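Right, one structure below, let's go through it.
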Number of protein chains: 2
Amino acid sequence: MAGRAAVPEVIWARPERTGRGPKPAFTRADIAAAAVRLADAGGLDAVSMRHVAAELGCGTMSLYNYVPRKEDLYELMVDAVSGEHELFEPTGDWRADMLRNARQTKALMHRHPWMVRLMSGVYGFSPNALRYLEHCLACLDPLDARAGTKIELVAMLNGCVTTYVSNELSTAERVRSLPWSEEQENAVRIAYLGSQVASGAYPRLAASFMEDAGPIDLDAVFERMLERVLDGFSPRG
Amino acid sequence: MAGRAAVPEVIWARPERTGRGPKPAFTRADIAAAAVRLADAGGLDAVSMRHVAAELGCGTMSLYNYVPRKEDLYELMVDAVSGEHELFEPTGDWRADMLRNARQTKALMHRHPWMVRLMSGVYGFSPNALRYLEHCLACLDPLDARAGTKIELVAMLNGCVTTYVSNELSTAERVRSLPWSEEQENAVRIAYLGSQVASGAYPRLAASFMEDAGPIDLDAVFERMLERVLDGFSPRG
DNA sequence: CCTAGTTACGTACAGCGTACGTAGTGCGCT
DNA sequence: AGCGCACTACGTACGCTGTACGTAACTAGG
């Protein structure tokens, strides 16, 4: 009969080896790495069970011995890149440390643009995610606040970074499945936005466009956002 | 030949009627409403071109006369529910007004849980989204700040609300495609999380679990988050 | 040693987005 | 007035997806 049980489980709780039978040809790390490679190269849509299996050099259905559902493959991917966080030694300056963490997260998501799409749909407590969370809490040791508050800080900071990068890359990832280039897509959208703003229906929005005529400094926007989040948690702020 | 052009375009720029030919049987609003109805009832996965066409009572391919790509259908959906925002008269108290906007957004996303998945993937400047943005800017008239700063405020507030609701509903929406119930899923994940925390590998995380033993008041967390965001933009804060 | 549990993988199915072809309809132009 | 073209409508078909299921080979535990 089928060893594949249709029973609730977390992939992390399922042991990677069980002893019986021929020894598995791949580790979970192998599989995650293959999937990440495909996603980096061809976007999230390039990650199909068939493609990952081909990348590993095995039959499609063999993958299901390691990964019961596609969802779990996504979870492996998120965990794998979560492991890319550098867990440095806390310096004692919690603001500086958290800034460093946030900037790292942003860089990580730029390296793996498909992450933003997975973040809102995958459960966030894989081993490496827990490790990162623990690291953040260690950075926050000097902050005098309840543990719950610290977790709220980490969640809010991560959330803001995610949405920021999501906005930044909104076209970049989506355009992969479109039959035209990112430049064309942006041009046509900006043209529409311009026509709407020029229509006079959105006076305040139009005024804002007049104000900052030049190109916006996205990095500065990002840094301002971080400062504001941290301010919200600083004592006497 | 094909009237279906594989050329970059925004669906909002394409006129709904062109004069020539038999008159369309549906409006964009009809289509959006049908798709939203399906998504509310059966989750985002229930929104397929075939299903929407069936809901409207037309052939699958007829839908492509109105909606050139599935992506555009999503855009119609987002715009339709964006129109559910109540654009009240600003009171002069920008903090209170923005709180009201944020709470409305949260309620809206609870009514349409699939929205969080669409928000990070769909371009954010549909007509109703622009109207809402303009409304927020009107609420912020009393705030003495550059227009760019106000837009940052709106973006940050919306972003935080989105990620908050996303975390809140992460299982709820995902579990629809799983062969077991949300309760089972949560139970199994909490069991795993508990086992990890109990393993001693994450001491600070464990301490935090000890601290707030009781169930957390999610609404309070939400309100605290909003206050912190607004604080970051209040003068002399 | 035997056998139960595992790995491996081909086949098959239902569903998806959508390219394409054809038939019918009615506005705009000459 | 009437021709032609742009449009609507929609059936068929293709390539892709996730994955249920069956079969064959293999190996560790009793």
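If you're wondering where the values come from, they're calculated on a predicted model, not measured in any experiment. Just the heavy atoms: all of them, side chains too, but no hydrogens, waters or symmetry mates, feed the values below.
Between Ser62(B) and the phosphate of dC10(D), there is a side-chain N or O to OP1/OP2 separation shorter than 4.0 Å. A close approach under 4.0 Å does occur between a side-chain nitrogen or oxygen of Tyr66(A) and OP1 or OP2 of dA8(C). Between Thr60(A) and dC9(C), a side-chain N or O to OP1/OP2 separation shorter than 4.0 Å is absent.
Residue Phe26(B) contributes atom CZ, which lies 7 Å from atom P of dA9(D) at whole-angstrom precision. Separating the NZ atom of Lys23(B) from the P atom of dG28(C) is a distance of 13 Å, rounded to the nearest angstrom. One interatomic measurement links the two molecules: OH of Tyr64(A) to P of dG22(D), which rounds to 17 Å at whole-angstrom precision. Residue Arg14(A) contributes atom CZ, which lies 13 Å from atom C1' of dG5(C) at whole-angstrom precision. Separating the CG atom of Asn65(B) from the C1' atom of dA6(D) is a distance of 11 Å, rounded to the nearest angstrom. Going from atom NE2 of His51(A) over to atom C1' of dT19(D) covers 16 Å, rounded to whole Å. In this structure, Lys70(B) places its NZ atom 14 Å from C1' of dC16(D), rounding to the nearest Å. The OH atom of Tyr74(B) sits 10 Å away from the C1' atom of dG17(C) (whole-angstrom rounding).
For the pair Glu182(A) and Arg176(A), the salt-bridge criterion is not met [side-chain N within less than 4.0 Å of a carboxylate O]. Using a 4.0 Å cut-off between charged nitrogen and carboxylate oxygen, Asp72(A) and Arg69(A) count as a salt-bridge pair. Taking the charged nitrogens against the carboxylate oxygens, Arg117(A) and Asp45(A) do have a contact shorter than 4.0 Å, which makes a salt bridge.
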Polar pairs (N or O, both sides) under 3.5 Å between protein and nucleotides 11-13 of chain C?
none

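Remark: Lys106(B) fails to qualify as a cation-pi partner of Tyr164(B) under the 6.0 Å distance and 45° angle criteria applied to the six-membered ring. Tyr202(B) does not carry Arg131(A) over the face of its six-membered ring by the limits of under 6.0 Å from the centre and within 45° of the normal. Both cation-pi conditions hold for Arg100(B) and Phe88(B): the charged atom is under 6.0 angstrom from the six-membered ring centre and inside a 45 degree cone around its axis.
Between Val47(B) and Pro22(B), the residue anchored nearer the 5' end of DNA chain C, judged by the nucleotide with its closest heavy atom, is Val47(B). Annotation: of the two residues near DNA chain D, Arg20(B) and Ser177(B), the 5′-most nearest-nucleotide partner is Arg20(B).
Across all strands shown, Ala25(B) has heavy atoms under 4.0 Å from sugar-phosphate atoms exclusively, and none from any base.
Aromatic rings from Tyr64(A) and Tyr66(A) are positioned such that their centres are separated by 6.0 Å or more.
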